[in-house]
There are 2 protein chains.
Amino acid sequence: MLQEYAFQGKKVLRYMDTIVILRCIVISTASEFVSRKPTLNTVARKAGVSIPTVSQVMRGAGRISEETREKVLKAAQDLHYVPNSRAAAMRSGENREIGFVINQLGNPFNAEVVGGVVDLLEAEGYLVSIVDTRDDHERQARQLEAFIRHGRGGLLWVPATDTTNETFDLLAVQGIPVVTFLRNVRSDLDHVGIRNAEATATATRHLVELGHREIAYLGGTDLTIVRKQRIAGYERALDEAGLAHAVVWDSEDNKIAGLDAMSALLQAHPKTTAVVCNGDMVALGACLAVNRAGLVPGKDVSVIGFDNIQDAAVSTPPLSTMAVSPHKLGRKLARVLLDRIEDPDLPATVVEVSAELLLRETTGAPP
Amino acid sequence: MLQEYAFQGKKVLRYMDTIVILRCIVISTASEFVSRKPTLNTVARKAGVSIPTVSQVMRGAGRISEETREKVLKAAQDLHYVPNSRAAAMRSGENREIGFVINQLGNPFNAEVVGGVVDLLEAEGYLVSIVDTRDDHERQARQLEAFIRHGRGGLLWVPATDTTNETFDLLAVQGIPVVTFLRNVRSDLDHVGIRNAEATATATRHLVELGHREIAYLGGTDLTIVRKQRIAGYERALDEAGLAHAVVWDSEDNKIAGLDAMSALLQAHPKTTAVVCNGDMVALGACLAVNRAGLVPGKDVSVIGFDNIQDAAVSTPPLSTMAVSPHKLGRKLARVLLDRIEDPDLPATVVEVSAELLLRETTGAPP
DNA sequence: GACAGAAGATATAACGATATATCATAATTT
DNA sequence: AAATTATGATATATCGTTATATCTTCTGTC
């Protein structure tokens with residue numbers, strides 16, 4: 001009796017035992033003529049050895065004679081064999097693929113951080129693959145789950161604003177190494193970030209020393225962790241100087257928002273002689289606004305930024321800012337993850353890097 | 001006789017058959033108390049059904065009674081079960097993970113393209129993970145191979161400058177769907193890009209119509225494909241106008257390089273009244289140089305950019321440019337990849353999107 | 001009441017790799 | 001010469017899934 005039989009996605013016919021012969025023929029045909037991804041099996045047959053032997057040669061493990069080693073390597077090269085890491089990971093449990101969940105891809109600061117991370121992790125044989133949440137916590141939840149489904153040996157993560165507890169719980173249960181970056185939202189997770197409060201305090205103190213008395217903060221009522229920390233440092237420095245009066249003005253982290261916000265601020269508080277900004281983009285926008293008001297940044301109004309992005313050095317006038325090395329930050333981030341992978345029982349680590357006062361031309365004594 | 005025996009990374013002892021009992025105890029202990037990633041097996045045991053049944057429930061496949069369906073779903077939820085897509089991919093052959101190999105992560109244009117790609121592919125259940133080659137073809141080769149090892153169902157790729165033939169061959173042999181983006185380097189691969197020659201021709205023609213006669217091209221002797229195409233369009237438009245004389249000046253794609261190059265160009269060719277730029281970053285740098293030379297962009301010297309990045313709209317003066325919608329471009333890119341995955345036997349497709357002339361304030365009649 | 005067919009579940013064999021155990025030889029020791 | 005140990009290769013089970021085949025049980029039909 002003839003029966004339909006599915007083989008490699010295609011229906012073939014079988015008749016009792018004939019299927020065995022048929023399958024043999026088909027398999028052999030396929031491996032001869034159809035270009036399929038080569039596997040250990042393919043290589044082993046071509047080299048005339050067993051599968052474990054090929055596996056050992058590819059990994060440089062076990063005891064293999066020079067003769068068979070060369071035979072196997074030749075076969076692998078001829079077939080353009082590329083090992084399947086996922087199958088390997090499945091069996092061995094070791095997974096050298098790291099996910100980086102980032103909040104804003106186009107940000108040059110983030111891009112440099114990624115560079116630092118990758119430089120360290122690729123040297124250790126890891127693949128670092130990135131996704132961009134665009135600061136949308138729902139998309140983030142989907143992406144994190146996707147990373148778990150697709151198997152990542154560790155995660156680096158800039159948590160989106162409004163990240164829910166469900167998301168944290170999901171990660172906690174999966175028992176996969178996670179290091180948060182920049183936004184220190186959970187004490188039970190490893191973290192690498194910037195000493196935000198210290199940095200804005202330094203910036204503010206500098207402006208106070210220059211003689212400024214009306215110092216506003218630009219970019220800060222949408223209270224993410226980082227903004228809170230930065231505003232806290234700013235307010236602390238004002239308190240120390242006995243300047244209780246503090247204007248915190250809202251703005252998003254881009255040039256246009258900075259421009260608009262600074263224009264409004266200058267109108268509402270014309271006595272302001274200095275602004276500490278939440279980021280360089282805002283600061284650059286602020287300088288634009290100062291210009292448009294017929295004033296000169298660094299003379300009439302001092303502006304100080306945060307991050308030291310590339311543009312800060314070439315704007316007119318060049319921007320004073322709190323500088324952090326994103327590349328170094330990235331390397332630290334990778335280091336902490338590697339340590340965690342090596343020893344999962346380590347207590348949660350927090351590493352915070354200082355920012356340095358970098359004075360260019362947008363800061364000076366008040367008029 | 002006692003023997004050492006390795007179990008879950010730790011050495012235990014075994015004595016003849018006793019190992020069986022020992023293993024049973026250990027396994028049961030582990031699954032009860034140690035937090036391990038739950039699998040179909042775990043869920044199946046908890047729900048009191050077989051593994052294939054759970055698999056079917058999770059996928060919504062096969063015929064399952066409502067009763068067992070609920071039982072299984074409850075067990076899965078209680079255990080926080082997350083399916084292992086790699087194991088699934090291994091068996092089923094279907095792999096919904098896409099790799100995006102990009103040349104410059106910090107570029108906001110690229111970031112928006114990624115947004116378009118992801119919007120379409122995530123809706124189809126794909127995970128898009130990104131790596132940054134930083135235009136280094138050796139790093140790129142390592143990353144592409146890593147993507148193949150780790151199993152990607154398709155690749156989107158901005159080929160780095162100097163990509164070698166070995167790299168193309170590696171990809172060709174692996175038989176994995178690949179779509180190149182922006183840089184159309186191989187006729188045997190699908191491609192999505194911009195009509196570069198058409199765009200620069202449009203820009204140049206516009207300058208000619210404004211009355212310019214000394215029109216230079218800024219950013220172009222390092223001859224990548226894209227630069228070649230753009231210069232070709234520029235030269236074609238000059239030829240049409242009977243203006244044989246063309247100055248092509250070198251510059252990298254960033255502000256500082258644009259500033260330096262434009263300063264040099266103005267010194268070497270003071271009669272130049274207009275420049276077509278290879279990108280907006282160069283154009284913004286060029287405007288800076290024009291300013292520093294005591295001239296006004298759009299009046300003394302016209303500058304036109306390419307890409308319409310966010311900064312172009314808020315620079316002073318706002319930049320005229322050739323605008324393309326990166327988001328739309330990203331969706332096109334994703335579409336082409338999906339089509340290829342659906343039908344691997346399709347002939348190679350090339351999709352090219354037009355750029356639009358977007359006039360702001362850096363272009364005008366010559367003085 | 002026998003039988004066909006459907007419904008709902010399970011058994012089994014892959015996918016491509018690695019870990020462990022085992023098995024032939026050859027080389028060395030006693 | 002017999003026993004032991006190294007050496008180099010292979011056999012087998014397993015990782016977490018899914019595809020296919022098989023097996024009950026329960027209908028409904030004649």
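Chain letters run A, B, ... following the sequence lines, proteins first and then strands; every chain starts at 1.
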Dump the pairs, protein N or O against N or O of nucleotides 9-11 of chain D, anything under 3.5 Å, distances to one decimal.
from: D:dA9; atom 1: OP1; to: A:S65; atom 2: OG; distance (Å): 2.8
from: D:dA9; atom 1: OP1; to: A:T68; atom 2: OG1; distance (Å): 2.9
from: D:dA9; atom 1: OP2; to: A:S65; atom 2: N; distance (Å): 2.7
from: D:dA9; atom 1: OP2; to: A:S65; atom 2: OG; distance (Å): 3.4
from: D:dA9; atom 1: OP2; to: A:T68; atom 2: OG1; distance (Å): 2.9
from: D:dT10; atom 1: OP1; to: A:S50; atom 2: N; distance (Å): 3.3
from: D:dT10; atom 1: OP2; to: A:S50; atom 2: N; distance (Å): 2.8
from: D:dT10; atom 1: OP2; to: A:S50; atom 2: OG; distance (Å): 2.6
from: D:dT10; atom 1: OP2; to: A:T53; atom 2: OG1; distance (Å): 2.3
from: D:dT10; atom 1: O5'; to: A:S50; atom 2: OG; distance (Å): 3.4

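- Two residues are said to be in side-chain contact when any heavy atoms from C-beta on lie closer than 4.5 Å; B:D343 and B:L346 meet this criterion.
- If you check the side chains of A:T133 and A:Q143, you find no donor sitting under 3.5 Å from an acceptor.
- Counting to the nearest Å, the P atom of C:dA17 and the CZ atom of B:R149 are 10 Å from each other.
- Contacts between residues 75-94 of chain B and DNA chain C, counted as heavy-atom distances below 4.0 Å, involve B:M90, B:R91.
- A distance of 6.0 Å or more separates the ring centres of A:W157 and A:F147.
- Nucleic acid contact class of B:T39 (heavy atoms, under 4.0 Å, all strands): sugar-phosphate only.
- Side-chain atoms of B:D190 come within 3.5 Å of backbone N or O of B:T349 as a donor-acceptor pair.
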| query | What's the verdict on salt bridge (charged side-chain N to carboxylate O under 4.0 Å, His left out) for B:R142 and B:E145, showing C-alpha distance, side-chain angles and the deciding distance? | reply | CA-CA 5 Å; B:R142 288 196 303 271; B:E145 206 201 299; over 6 Å; no
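- For the pair B:R59 and D:dA19, the criterion of a side-chain N or O lying under 4.0 Å from OP1 or OP2 is met.
- One atom, CG of B:N41, and another, C1' of C:dT10, lie 14 Å apart when rounded to the nearest Å.
- Following rounding to the nearest Å, B:N95 (CG) and D:dT17 (P) show an atom-to-atom distance of 15 Å.
- Inspection of the B:Q140 and B:T163 side chains reveals an N or O donor paired with an N or O acceptor under 3.5 Å.
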| query | Can you list the steps and then say if A:V178 with A:R186 is a side-chain contact (heavy atoms from CB on, under 4.5 Å)? | reply | CA-CA 11 Å; A:V178 176; A:R186 292 276 283 215; over 6 Å; no
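- For the side-chain contact (heavy atoms from CB on, under 4.5 Å) with B:F100, the qualifying choice from B:L333, B:L121, B:L155, B:D132 is B:L333, the only one to do so.
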